[in-house]
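Chain A is the first sequence line, chain B the second, and so forth, proteins listed ahead of strands; every chain is numbered from 1. A quick note: this is a predicted structure, and the numbers were derived from the prediction, not measured.
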Amino acid sequence: MPAAPVCTAPNTPLPTDTLCCILSNVQVGPTLWIMRLLPQHHAATGQAASGFTCHPGQFVMVGLPETSGVPSFSFRRPMSVYQTHDDGSLSIFYKVHGRGTRLFSELTAGNTLALTGPLGNTLPQDAPPESTLLVGGGIGIAPLVCWASRHLSPSPTRLVYGVHSQADIGISDAIESIFTKEHTLICTDDGSTGFNGNVVAGLTKNPQLTQGITHVLICGPMPMMRATWQFCQTNLPDANVYVSLEEHMPCGTGSCSGCVVDVIDEPLPVKSCQVGPVFLASRLQWATTSVTAGSNA
Amino acid sequence: MPAAPVCTAPNTPLPTDTLCCILSNVQVGPTLWIMRLLPQHHAATGQAASGFTCHPGQFVMVGLPETSGVPSFSFRRPMSVYQTHDDGSLSIFYKVHGRGTRLFSELTAGNTLALTGPLGNTLPQDAPPESTLLVGGGIGIAPLVCWASRHLSPSPTRLVYGVHSQADIGISDAIESIFTKEHTLICTDDGSTGFNGNVVAGLTKNPQLTQGITHVLICGPMPMMRATWQFCQTNLPDANVYVSLEEHMPCGTGSCSGCVVDVIDEPLPVKSCQVGPVFLASRLQWATTSVTAGSNA
Amino acid sequence: MTTATASATQQTIAGIEFPHCILNASGCFNPVTFHQLNHLGACLGGIVTKTTTPEPRPGNPLPRTVELPGVGMLNSIGLQNPGLTHVLQQDIPTFADCGNVPIILSIAACSTAEFADMAAAIEAHPHRRHIQALEVNLSCPNVAKGGVDFGKSPELIADIITTLKQVTPLPLFAKLTPNVASMVPMAESAMAAGASGIVAINTVLGAHINIHSKKATLPRISGGYSGPGIFPIALHHVLTLKRALPTATIIGVGGISNAENAIAMLMAGASLLQVGTQCFANPSVFGQLHQQLHQYMADEGITHMDELVGAALA
Amino acid sequence: MTTATASATQQTIAGIEFPHCILNASGCFNPVTFHQLNHLGACLGGIVTKTTTPEPRPGNPLPRTVELPGVGMLNSIGLQNPGLTHVLQQDIPTFADCGNVPIILSIAACSTAEFADMAAAIEAHPHRRHIQALEVNLSCPNVAKGGVDFGKSPELIADIITTLKQVTPLPLFAKLTPNVASMVPMAESAMAAGASGIVAINTVLGAHINIHSKKATLPRISGGYSGPGIFPIALHHVLTLKRALPTATIIGVGGISNAENAIAMLMAGASLLQVGTQCFANPSVFGQLHQQLHQYMADEGITHMDELVGAALA
Ligand SMILES: Cc1cc2nc3c(=O)[nH]c(=O)nc-3n(C[C@H](O)[C@H](O)[C@H](O)COP(=O)(O)OP(=O)(O)OC[C@H]3O[C@@H](n4cnc5c(N)ncnc54)[C@H](O)[C@@H]3O)c2cc1C
Ligand SMILES: Cc1cc2nc3c(=O)[nH]c(=O)nc-3n(C[C@H](O)[C@H](O)[C@H](O)COP(=O)(O)OP(=O)(O)OC[C@H]3O[C@@H](n4cnc5c(N)ncnc54)[C@H](O)[C@@H]3O)c2cc1C
Ligand SMILES: Cc1cc2nc3c(=O)[nH]c(=O)nc-3n(C[C@H](O)[C@H](O)[C@H](O)COP(=O)(O)O)c2cc1C
Ligand SMILES: Cc1cc2nc3c(=O)[nH]c(=O)nc-3n(C[C@H](O)[C@H](O)[C@H](O)COP(=O)(O)O)c2cc1C
Ligand code: FES
Ligand code: FES
C-alpha cells in the first residue's frame, strides 16, 4: 500500500463539516456508549446536510460546536464510523477515556455536536469475507464490525475479540447478529466469558479460526496489534495483514503532522489520519511506531 | 466618613466563602431576576455553613464554583444583598447585563453557586427611617429596599425609584408591601407608569418628598447619582447624603485595587469594595469618579 | 444602514489582491481537505503553506502536540516538510486548484545563504507563477551563526531580507517570534530591509507536564503555545508594532478564535489576519468568520474594513 | 500506602520555615480578608505583600483590570500602594496576625539607590522583626538609567541584589519578568549576586480591545496578563530556569488554578508556589489546593514534596 497522494483516496466520499443532532446516546457497558448522530446542516454555510456515507475503516472528528461565548479550546476526537443508517445518520461506539469522551457521555438526545468526515482511507474493500479474520481489541472492534456488517448476513467472516471482562463487550447483540457462533471467539483477560486469555493465546488455541485465511484486519491497543502481527508472521505468512492505527490525531484533516507514523520506504513519516488510519502491517516501521498509538483502545 | 481601616468595619459579620444551593431563580421583568441562595458549606473546609447575616448595603461576590475539569477563569460578580430570610438564605435582585449575569439567569433550583460575603460597609444604620429619602435607579434599588425592609412596616421612609418603563420595576409587590403609596414615587422615562421623567425631575415636582429629610441614600447609574447629589446640594443642603457605588469589582475582597475611587482628603484612591461601597457624597471626588461606576445599573 | 459587500474585506497589499482578509496560518491547514470542507474561494483570503525548508525534514519524535483544554495547545512538530523541490513540484499546483486564492509560500532555512538558494530555486521553477509572496519564517535557529534564532537578531533579519530581495521580486512577509523582549526592533529591521509586511505572532514558548508520568509531555520539553490563550499577547504585539511602525502592513495572527477576536485584531492595526489552531477545533472557521465579519460591518455601516484597521490607535 | 502528614509540604528555604509550600502572589491578596475566609495558618505557606515603593503611589486611571473570559485577566494597577513607611507601620503588624505565617515584603524602586534606602529603612524599623524575606520586584522601569526595565538587564539586576545584600541580611527573592528573550541570564545574575531564589513569573504583556468602543480597554493600552492562559508559559520558564540553574530555589507562579497545575509546577522545579489571579475566581483556593496536594501525595505514597520538585527533569 503506497502512501496515498495528499488528497483523500479516490472512491471515498468527500468530507464535510456538519452540525449533527444527537438522536440517541446509550450506555452499553461500564464505560461504553453508542451515540447516533444525524447530520443537519453544514457548519459554515448552514445549508442542509445530505446524509452520511462512508466506507468501513473511515473515521470522523467529533467535537462541541462553536458557541459565540467564552472561547474554550479543545481538539475534536477521532471516532471510527461504527454504523451508518438509512436515514443518513451514523453511529459511533466509544469508550469513556478522558475529558472529551466523558463529556460526550453526558450529552443526550437533542444536543448538538460538530462532526467532520468521513476522513482517512478504508479497510480493504476487496478482502473476501469468507477468508478474512478480524482481530479486535477493546474499542478497536468498532471499524471491524462496521466492515463485516456491510457483507452477507450472517457473515462468513471470523472474529476474535479481546476484552478485559464480559461487561466490556458492549455490543454482544450486534456481534451475535452479524457473526455466526462458530466464527466468533471472545477472549477475556479475567475468564468471565469465552476464552480465558488474550487474542493471541485464543488464536493459538483455536487453529480452525486461521485456516484458509488470506486477509487479517486488526484494530486495538498497540501491544495487542504488535503481538497479533507477530502471530500472523509466523502462522499466516502469506496473509495480507492490515492494522488500523489509533494514533493521537489533533486535527484529522492532514493539517498538523501530529499523527505521523514511519512507513518502510517512505522518506518521511506519513500522516496516519490521511494516508491511514489503515496500513498494511508489513509496511509499518514497527520499531519506531509511537507508543501513543491505540494507547487506550 | 473617614476611610475605614484595612479590615472590615466593626459590627459587621465576618465574611465567609461558601457553596450555596439555589433555592429559586425567578424572572421578575424582561431582564430582571431574583435568586435565593442557601449557604451550604464552606468552600475550603466543607464544613456546614451557618446561615447568612449581614447589614443592608453590604454585598456578596457570586460565581460558579470551581470544577475539577477545564480551568475556565472568570471574575465573580458583585451583588447587593436584597433580602435575608429566616432559614439563613439570602436573595439577590439582579439584571441580566453581560455574560456573567446571563449565565446566572440560566441556572435553576438545585444548582450550586459559590458566594463570598458579606463584604463592604453598610448603609447608615442610624439614619431615622421617617426622615430618610431613598433614591434608586434601576437595579440600584436592591440595597435600598433591603435597608427599608429592616425597619417598621409599613416603612415611614420615602422612596423615589427611577426606571425606564413599567416592566422594569420588577419588584412592585415588595415595594408596595414595604412603602406606603404616598411615600412612593415611581419615575419612568417613557411615562408608562407613575411620574414621566427622571428621579430629579420627579423630586423637583414633588417637594413633599423632600420635606424634613435629614438623610438621603442613593444607588443607581452614575449620571443619576451625580444629578441627584447636585439636587440635594441645592435643595437639601443640610442632609447627610450617601451614595452606594457600583464600581467594577474584580475581587471584592480588597485584594486587587481595581475598584478604587478618589475621596477628598485621602492621599490615595480608596478601595470601594472595602471602604465602600457606601460613601458620604460630600466626601467623593466627583470630578474624577470613574465613568465605569454603576455603568449598567 | 449600509450593507457590506463582498469587496468590503478585499485587500490589496504589496500588489497582491487578497479576496478576503482572513488567511490560514502556516502549519495548521491542509488546503486540499479545507477546500473540500469549505470551498475556500468564498471565504479564504489566501493560502499560506506549511513552512518549507531546503531539504526534507522528518520532524520531531511523537507526541508532537498537547491539548491544553480551554486555552489552546502546544506543538513541537519540528518543521516536518518534504523539502522545497517536492513542495514546488507537487504541492503548489495542487494548492493552486484550491479556491484560486493567492498562495504565500512559507520558507525557513538555517543560514542566509540557504535562504538565498531557496529564493533562486523558486524563481527558476515553472510553478513560480502560482506563488504571490513569500512568508519568511524567522523563528528558526541559525545554524551558521552559533544557533542564535534569526528572529531574535535585528541584524540577521536585515541580512536575510536584504539578501532575499536581491534574488526575488516576490513580496516578502517577515514572520516574527514573540519570544523576545520587544518585537519592534525586529520589525523595524525587516521593514527597513524591504519586507512588505510583518506577520505577528508565531507561537509562544510553553510547556506541559503529565503529572501521572511525571514527565514533560513533549520529548523536547518546551513547545510552541497557540490558541485562545495567546490572543491577548498577540493583540499586545500587533498594537505595539502598529504604534511603532504606523505605515507597515501587519498580518495579525495568534489565538484568533471568533469574530470578536478578528475585529479586535483589525482594530489593533492588522490589515490581514491568519487563523491557525482554531482550524483544529472548527474546520468551518473561515466561512463563519467571513460571514460574521461582514455582518458586523453591515450592522456598523462600515463599507470597507480599512476603516477598522488600527482604529484602536486613532 | 503512606499518609502524607502536615509536614509533607513544609519547606525550609533560606532559613525560613514555610509551614506549607503554597503562598499568595504579590498584589492579588488581602491577608486580612483571606484570613477571615480561610484561617490562613492552616493552608498558606506565607504572605507576600503587595509591592511597596518608597513613596505612596496613586496607581493608574481606571479601568485597571479586564476580565479575559476563560483565560484570565489583564491588570494595569500601576503599583498603587501607600508607600514603605505606611506599610511598615500599619500593614506589617496587621499581617503578622493573619495566621502567623512568614511574611515576605515585596519591594520595588526606580533606582539602585532607592532600593538601598528602602532596605535601610526596613532594617531600622521596629516591625522589621515580622519580616522574613524581601521579594525584589524587578519588573519596573529604571528611571535613573533611561527607563530600561530592571528585569531586562542582568547588570542592573546584579547591581540591585549586590547593593541590597550590603544593607540587609534578609533573604532576597528576585521576581523576574517573562517579557524577555530568555529569563536565564537574569536569574543567573540574580543568583550570582546572592539572591536566595527566583520568583518566576510576573505577568505577561497583553492587551484587550473593546470592539464596541473601538478602543483598548486599558487606558495604557497594554497590561499584565495573568491567570490560566499563562500557566503553560510559566511552566516553560520554570523548567528552563531549573535546567539552567539546578541548585537555585525557584518559586513558581503564573496561572496556577488547580491541584494539577500546582503539582506540575513542583515537578518543573519549583520549591514553593504562589497563586495570584485564581484568588479572584476562588477565595478558597489555598485551602483547596492544600487539601488536594496532600491527598495526591498520600495516594502516590510521597512522604515529602521534595520528591516532586524537579521530578520532570530527572
Ligand atoms: C482513527 C481513530 C479512530 C478511533 N475510533 C475510536 C472509536 O471508534 N471508539 C473509541 O472509543 N475511540 C476511538 N478512538 C480513540 C479515541 O479517539 C480516543 O479514545 C479519544 O480521543 C480520547 O479522548 P478523551 O478526551 O476521552 O481523552 P483525553 O486523554 O483527555 O484526550 C486528550 C487528547 O489525546 C487524544 N487521545 C487520547 N487517547 C487517544 C487514543 N487512544 N487515540 C487517539 N487519540 C487519543 C484525544 O483525541 C485528545 O486530543 C479512535 C482514534 C483514532 C485515531
Ligand atoms: C457593590 C456592588 C453591588 C451590586 N449590586 C448589584 C445588584 O444587586 N444587582 C445587579 O443586577 N447588579 C449589581 N451590581 C452590578 C453587577 O455586579 C454587574 O451588573 C455585573 O457584574 C455585570 O456582570 P456581567 O457578567 O453581566 O457583565 P459583563 O459586562 O460581562 O462583566 C464583565 C466584568 O465587568 C464587571 N461589571 C460589568 N458591569 C458592571 C457594573 N455595572 N458594576 C460593577 N461591575 C460591573 C463584571 O463584574 C465583570 O467583572 C453591583 C455592583 C457592585 C459593585
Ligand atoms: C501544529 C502547528 C504547526 C505550525 N507550523 C508552523 C510552521 O510551519 N511555520 C510557521 O511559521 N508557523 C507555524 N505554526 C504557527 C502558526 O502559524 C501561528 O503563528 C501560531 O500557531 C499562532 O496562531 P494560532 O493561535 O491561530 O494558531 C504552527 C502552529 C501549529 C499549532
Ligand atoms: C491585580 C494584580 C496585581 C498585581 N500586583 C503585583 C505587584 O504589586 N507586584 C508583583 O510583583 N506582582 C504583581 N502581580 C503579579 C502576580 O504577583 C503574579 O506574578 C502574576 O499575576 C502571575 O500569577 P497568577 O497567574 O497566579 O496571577 C499582580 C497581578 C495582578 C493580577
Ligand atoms: S491529525 Fe493532524 S495531520 Fe493527522
Ligand atoms: S475589587 Fe479588588 S480591591 Fe476592590
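Using a 4.5 Å cut-off between heavy atoms, D/Leu239 touches chain C through its side chain atoms alone. Heavy-atom distances place no part of D/Leu266 under 4.5 Å from chain C, backbone and side chain included. Only the side chain of D/Leu68 comes within contact range of chain C, with heavy atoms under 4.5 Å apart. Heavy atoms of D/Phe231 lying under 4.5 Å from chain C are absent altogether. With a 4.5 Å cut-off on non-hydrogen atoms, D/Ile233 touches chain C through its backbone and its side chain both.
The structure places CD1 of D/Ile209 at 7.5 Å from CE of C/Met267, a figure rounded to the nearest 0.5 Å. Between D/Leu205 atom CG and C/Leu235 atom CG the span is 12.5 Å, to the nearest 0.5 Å.
With C/Tyr225 contributing its side chain and D/Ile230 its backbone, the two residues share no donor-acceptor pair below 3.5 Å.
Here D/Ile221 is the residue among D/Ile221, D/Val238, D/Val204 with the most heavy-atom pairs under 4.5 Å with chain C.
Smallest separation of non-hydrogen atoms from D/Ala312 and C/Ala216: CB-N, 4.1 Å. Between C/Ser222 and D/His236, the closest heavy-atom pair is OG-ND1, 2.6 Å.
The pair C/Lys214-D/Glu300 meets the salt-bridge criterion, since a charged nitrogen lies less than 4.0 angstrom from a carboxylate oxygen.
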